[in-house]
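Before any comments, here is the structure.
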Amino acid sequence: MVQSVITVPGEFQLIQQFFQREQAEQPAEGVLLGIGDDCALLQIPHGKQLAVSVDTLVAGVHFPADADAELIAERALRTNLSDLAAMGADPLWFTLALTLPEASEDWLRSFSRGLFACAREYKIALIGGDTTSGPLSITIQVMGAVAPGAALRRDGANIGDFVLVTHNLGDGAAALALIQNRIACDEPSANYLRDRFYRPTPRLQESALIRELVTAALDISDGLVADLQHICDASDVGAVIDVENLPLSPALQALNNQPQVLEWALSGGDDYELCFTVAPEKMADIAMLIAQGKLSATVIGEIIPGNKVICEFEGEPFELARTGYQHF
Ligand code: ADP
Ligand code: MG
């Protein structure tokens, strides 16, 4: 038997009402044909390369199933935009594959509101997608433009490079602990952490600033140690992290639980900060950006010979219980 996919208010009407109409109000660069046909037709900006990434968020795995739909949408698009930032690409377009247990108008209205608020903020256009019924899951594919040779890849780190991260680490894991009622904190910290979880900031501005100064970069989604290891594997080098230098938000510092906070910062995941490596001769430029208040970034270690990420606390070996989030 062929099951009807979504019945109320009808799949096409639903797409039209919550996605196509909203998108039609936004002028979008390079979209020759948007939502509504079998394919979108897109014109890549002249002389640029296309950077493409896709991520799926599954209810109960990547976000609580009963979370506010507006926030789910924000998180889904923002975490995908983070991949464009990590690649040094400027956002252009995205597609959305939605699997919904039911076609609730309230849920869709809220989802659509969050999605387009974020799309407007980061100037990225929805150009198509797919809508099916089943357990709640959201797949977003983002596309961005990058000049030939300018992409921030993982394979360019050299021995002697400094390792830096943007803003603060550990907030994502602390926020998840808070959302799951494993920790408690004061109201301002709780608001800050919830916002960091549902509305992580894709570091596009930072990416644009450091683009020409870095040897390798990625965004931290699975935890600093696990993700820095990806740079080490791709670049055939090792790295040492100076744990005492990890940047921690006031909210995390206020928890007064250093071992837990350091574990979150090193292996918690969900931070969506950039981790990048800089050759010594470019460090003055980075330091200048930091001193001018244009860039929030901290030196947390160095690229060394070898093939592993090691952690030290004030020069002594620092052992970590778990190194990163793994799905399987
Ligand atoms: P097809 O059967 O050709 O795959 P669909 O019925 O799945 O077409 O979709 C019709 C149009 O609506 C297509 O242009 C598709 O890209 C768009 N679309 C479907 N679902 C979504 C969605 N959730 N968000 C944005 N566009 C969507
Ligand atoms: Mg389809």
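Numbers here are sequence positions counted from 1. In this text, all values refer to a predicted model and were calculated from it rather than measured experimentally. Counting starts at 1 for both ligands and their atoms, in listed order.
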| query | Is G36 close to ligand 1, meaning an N/O of one under 3.5 Å from an N/O of the other? | reply | yes
| message | With nothing but distance in play, are any N or O atoms of I35 less than 3.5 Å from an N or O of ligand 1? | response |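 There is no such contact.
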| task | With heavy atoms under 4.0 Å as the rule, classify the contact between D37 and ligand 1 as side chain, backbone, both or neither. | result |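 Within the 4.0 Å criterion, D37 contacts ligand 1 through backbone atoms alone.
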| Of the backbone atoms (N, CA, C, O) and the side-chain heavy atoms from C-beta on, which set of L96 has a member under 4.0 Å from an atom of ligand 1: side chain, backbone, both, or neither? |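 Answer for L96: both.
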| task | May I ask you to establish whether R75 and F63 are in a cation-pi arrangement, using a distance under 6.0 Å from NZ or CZ to the six-membered ring centre and at most 45° from the ring axis? | result |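 The answer is no, since R75 fails at least one limit relative to F63.
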| field | Where ligand 1 meets T131 - atom numbers and elements under 4.0 angstrom, heavy-atom basis | value |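 So the answer, numbered in order with elements, is 19 (C), 20 (N), 21 (C), 22 (C), 23 (N).
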| task | Show which atoms of ligand 1 fall inside a sub-4.0 Å distance from at least one heavy-atom site of D38. | result |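 Near D38, the atoms of ligand 1 are 3 (O).
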| request: Using atom types as modelled and distance alone, determine if a side-chain donor or acceptor of E244 lies under 3.5 Å from a backbone N or O of E314. | output: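 Yes; at least one donor-acceptor contact below 3.5 Å.
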| request: Ignoring hydrogens and angles, tell me if any N or O in the side chain of D236 forms a donor-acceptor pair with the backbone of C232 under 3.5 Å. | output: no
| Regarding D161 and T215, is there a side-chain donor-to-acceptor distance under 3.5 Å anywhere? | yes
| message | Assess, by modelled atom type and distance only, whether the side chains of T166 and E206 contain a donor and an acceptor separated by less than 3.5 Å. | response |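 Absent: no donor and acceptor within the cut-off.
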